[in-house]
Number of protein chains: 2
Amino acid sequence: MNSTFSALAEPNRFNIVELLRDGPLSVGDVAVQLGLNQPQTSKHLRVLCDAGLVEVHAVANRRIYKLRAAPFQELDAWMESYRRIWEERFDRLDDYLQELQRKEANPDNKQ
Amino acid sequence: MNSTFSALAEPNRFNIVELLRDGPLSVGDVAVQLGLNQPQTSKHLRVLCDAGLVEVHAVANRRIYKLRAAPFQELDAWMESYRRIWEERFDRLDDYLQELQRKEANPDNKQ
DNA sequence: TCACAATATTCCTTGACAGGAATATTCCAT
DNA sequence: ATGGAATATTCCTGTCAAGGAATATTGTGA
């Protein structure tokens, strides 16, 4: 999960992922379509691979990279816990303010 | 979107977000619950704030931070485009391989 | 086997960022 | 208005990651 965020935080890698969303591609094709040079492309793909976002498949001379579903499903599952409550809890200041006042009244009561 | 990933890529900030999922908290409370010291906590909250993941609300001496729904909904929307196709496309190597062969046959045809 | 295409790796430099410590700021309560 | 919480900011340092250039590697087809 952490490595997923780190990997996607880099703009070029994010673009690579968006590009691969449309299907698998070779290193060269990724490089051309994103206007990157080959070494950087390989390096970014390696990071994505290490993070598990992508997997390789050797075909003749090329290496075809494609997205892996797992980390996206994991991300989806993580989001789920936020979807459930983002109308409920995020805005519930009242509870917390009362909590604060209560603590103010008798500081020892750690609840 | 980019700033969202960058913000969440840092482990402490990720933990702060997870903590705030349960409701708003003051800087001090965040610091205590995560075992951080106050300055780093403030700094991380600032980054989260700049990224729009969090918003502040001054209450007496304290500043209460809470999650903002927007970036999570944006992330959710982004995920949506992956959910739709992760069984379909991610694994469709065949198409691409045929595409490669086709290009091999007559390189000039850029499709 | 050999040359070449496709890809990966290394080395280097530079910039961004996190943590620590100290200090500045803000704002309430008296 | 003033002392003291609570919070924010600055300065410094070390680390890490990205880009560029050059080079190494791998695998294929002739």
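Note that this is a predicted model, so its numbers are computed, not measured. Protein chains get the first letters and strands the later ones, always in sequence-line order, with residue 1 at the start of each.
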side-chain contact (heavy atoms from CB on, under 4.5 Å) evaluation trace for B:Tyr82 with A:Leu67: CA-CA 10 Å; B:Tyr82 287 81; A:Leu67 295 183; 3.8 Å; yes
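Atoms CG (A:Leu25) and C1' (C:dA6) sit 15 Å apart, rounded to a whole Å. If you take CZ of B:Arg63 and P of C:dC28, they are 11 Å apart, rounded to a whole angstrom. Atoms CG (B:Asp29) and P (D:dA5) sit 17 Å apart, rounded to a whole Å. Going from atom CG of B:Leu8 over to atom P of C:dC17 covers 15 Å, rounded to whole Å. Between the CZ atom of B:Phe14 and the P atom of C:dC17 there is a distance of 20 Å, rounded to whole Å.
B:Arg46 has a side-chain polar atom (N or O) that falls below the 4.0 Å cut-off from OP1 or OP2 of D:dT9. Phosphate contact (OP1/OP2 of C:dA6, side-chain N/O of A:Tyr65, threshold under 4.0 Å): absent.
Ring geometry for A:Trp78 versus B:Phe72: interplanar angle of 30 to 60°, hence tilted.
Of all heavy-atom pairs spanning B:Arg21 and A:Ser81, the tightest one is NH1-OG, 2.9 Å.
Considering CG of A:Asp29 and CZ of A:Arg62, their distance stands at 7.5 Å, rounded to 0.5 Å. Taking CG from A:Asn15 and CD from A:Gln33, the interatomic distance works out to 11.5 Å, rounded to the nearest 0.5 Å.
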Protein proximity profile, nucleotides 11-26 of chain D - base contact B, sugar-phosphate-only contact S, no contact -, cut-off 4.0 Å on heavy atoms: -------SBBBB----
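You'll find the side chain of A:Ile16 stays beyond 4.5 Å of the side chain of A:Leu25, heavy atoms only.
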